[in-house]
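Here the structure comes first, spelled out in structure tokens, and everything after it is commentary.
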Amino acid sequence: MASSHPADVDLLSDVARRAAAYLDRAPHRAVAPSASAVDALGELDEPLPDAPSEPQRVLQILDRIGSPATVVTTAGRYFGFVNGGALPASVAASWMVSAWDQNACLRVMSPAAAAFEDVALGWVRDMLELPSGCGGAVVTGATMANFTGLAAARHALLERAGWDVERKGLFGAPPLTVVVGDEVHVSLLKALGMLGLGRERVHRVAVDDQGRMRAEQLPALDDRTIVCIQAGNVNSGAFDPAVELCALARAAGAWVHVDGAFGLWAAASPRYRHLASGFTGADSWATDGHKWPNVGYDCGIALVRNPRALHAAMAISSAYLPSGQDRQPSEFSPEMSRRARGIELWAALRSLGRAGLADLIDRSCAHARRFAEGLRERGCDILNDVVINQVLVSFGSPAVTRAAIEYVQRDGTCWCGGTEWQGRTAMRISVSSWATTADDVELSLSAIGRAFDRARGGERE
Ligand SMILES: Cc1ncc(COP(=O)(O)O)c(C=O)c1O
């Protein structure tokens, strides 16, 4: 057997020490990096050196320049966008995955990667209460999961119309209609664009004050329609009325695709399951591992009721590729060569267990409710019904709200971003990290309160 690599032990010990130091310091650092740390990234702008560098030296540069310029998403007070913070088991698994350097394309390339992915997909189906026969793919995020589910939809509807879209493309194909809610996430539109279905060639359905599609406003559907519905609006966290929408679609032979980037995980909690349960009637689902389940970046999951449609949309054959009974990961996903990200998904779910995942969902929602309550007490307007982990806050006029957001970000205790919600400027709070504690919420409430006072003070001056 080949000898081990003694030098790597020092390197890997060094990286472990540096990463642990980073994670230890993270809760005590401003969430956003300082301007000087961001400026120091300019040091990276050097010509590629002629001579090789020792890996230790490369690591040292990475840590010295990179670590201070990160946004601290791992420490429990990052409430921007909808970002999870990697669970310890997921971080550890990603190190193993990197050491193994497995290509998750084919089973023969890595029986381990394929097996962990199979198991992880099975657990996701189980936790989301989706049919056990669903086809699945582990992709980079919900954008690609939407792409993957919609590619299967495109295949199935056009096959029914006698058209082989993978072979012939969309030129001359029977037209498909795509229906979305007015509050559709932009990533779904991006996926439609990549599939040749058009970002703007969609029928938009009006939504209510929470961003939920109005089922009674659906256009006439038929068996060449894809209806895209949402479990968890990126701003309000609201869920489309899936039971009615799926029933109408089913009666017409339409395909229902669910963008459930984070909201679908409500199914994992007995307390919140009712919000997601109607979505089981759909045909395809997109969700993220790197949001609520706190798998490290990146990890998305696509599931398709009819695995044959997903396989037909994604599989390719060539003389050098194996064929047979076993599931080949790349036959269900857009990529061929791919990181074994199913392993990190497996590790996160294995470490949480059912109870841990339910607790993570429940805790995030409780923290979000506490944010809403604490901010109302401080005189802010909460613009959404806080149904899960999302809170939309107005501090008054658009100018005051924008100023308050800027002060929150500069203060560094926590980080929240801004949005426009139904004509109002708002701050978004998304509680999506396993690491967030009640203390983090109280510290952040105080910081947001200070920012609000400052923004109001500025208005009076
Ligand atoms: C509802 C919804 N869909 C899709 C996405 C895109 O997810 P990703 O960035 O993982 O591709 C998001 C991201 O926040 C989202 O909230």
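Both counts, for ligands and for their atoms, begin at 1 and track the order of listing. All residue numbers refer to positions in the sequence shown, counting from 1.
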Between Arg370 and Glu373 (salt bridge meaning N to carboxylate O under 4.0 Å), is one present in this structure? yes

Ser236 side chain to Ala238 backbone, donor-acceptor under 3.5 Å: yes

Test your reading of the structure: does Gln230 have an N or O sitting under 3.5 Å from an N or O of ligand 1? no

Would you say that more than 12 heavy atoms from the other residues, nucleotides or ligands in this model lie under 6.0 Å from the OH of Tyr22, or not? yes

For ligand 1, which atoms have a heavy atom of Asp288 less than 4.0 angstrom away? 7 (O), 8 (P), 10 (O)

Select one of side chain, backbone, both or neither to describe which atoms of Phe81 lie under 4.0 Å from any atom of ligand 1, heavy atoms only. neither

Counting only heavy atoms closer than 4.0 Å, does ligand 1 sit against the backbone of Ser187, its side chain, both, or neither? side chain

Ionic contact status for Arg327 with Glu331, cut-off 4.0 Å: no

Under 4.0 Å to a heavy atom of His290 - the qualifying atoms of ligand 1, by number: 10 (O)

Does a side-chain N-to-carboxylate-O contact under 4.0 Å join Asp298 and Arg339? no

Using a strict threshold of under 4.0 Å (side-chain N to carboxylate O), is an ion pair present between Arg271 and Asp362? no

Taking atom 3 (N) of ligand 1 as the reference point, the nearest protein heavy atom with its distance: Asp259 OD2, 2.7 Å

Check Val72, Val71, Thr436, Asp440 against Tyr78 for a side-chain contact (heavy atoms from CB on, under 4.5 Å) and give me the one that passes. Val71

Backbone, side chain, both or neither: what part of Met144 comes under 4.0 angstrom of ligand 1, heavy atoms only? neither

Do Arg154 and Leu176 have side-chain heavy atoms sitting under 4.5 Å apart? yes

Atoms in ligand 1 flagged as close to Phe262, the criterion being non-hydrogen separation under 4.0 Å: 16 (O)

If only atom types and distance count, is the side chain of Gln217 paired as donor or acceptor with the main-chain N or O of Val207 below 3.5 Å? no

Does any N or O of ligand 1 fall below 3.5 Å from an N or O anywhere on Thr143, backbone included? yes

Just jot down the ligand 1 atoms closer than 4.0 angstrom to any heavy atom of Val234, in number order. 14 (O), 16 (O)

Considering only non-hydrogen protein atoms, determine which one is nearest to atom 9 (O) of ligand 1 and report residue, atom name and distance to 0.1 Å. Lys291 NZ, 3.8 Å

So is Gly232 touching ligand 1 or not, going by heavy atoms under 4.0 Å? yes

Closest protein heavy atom to atom 12 (C) of ligand 1, given as residue, atom name and distance to 0.1 Å: His185 NE2, 3.3 Å

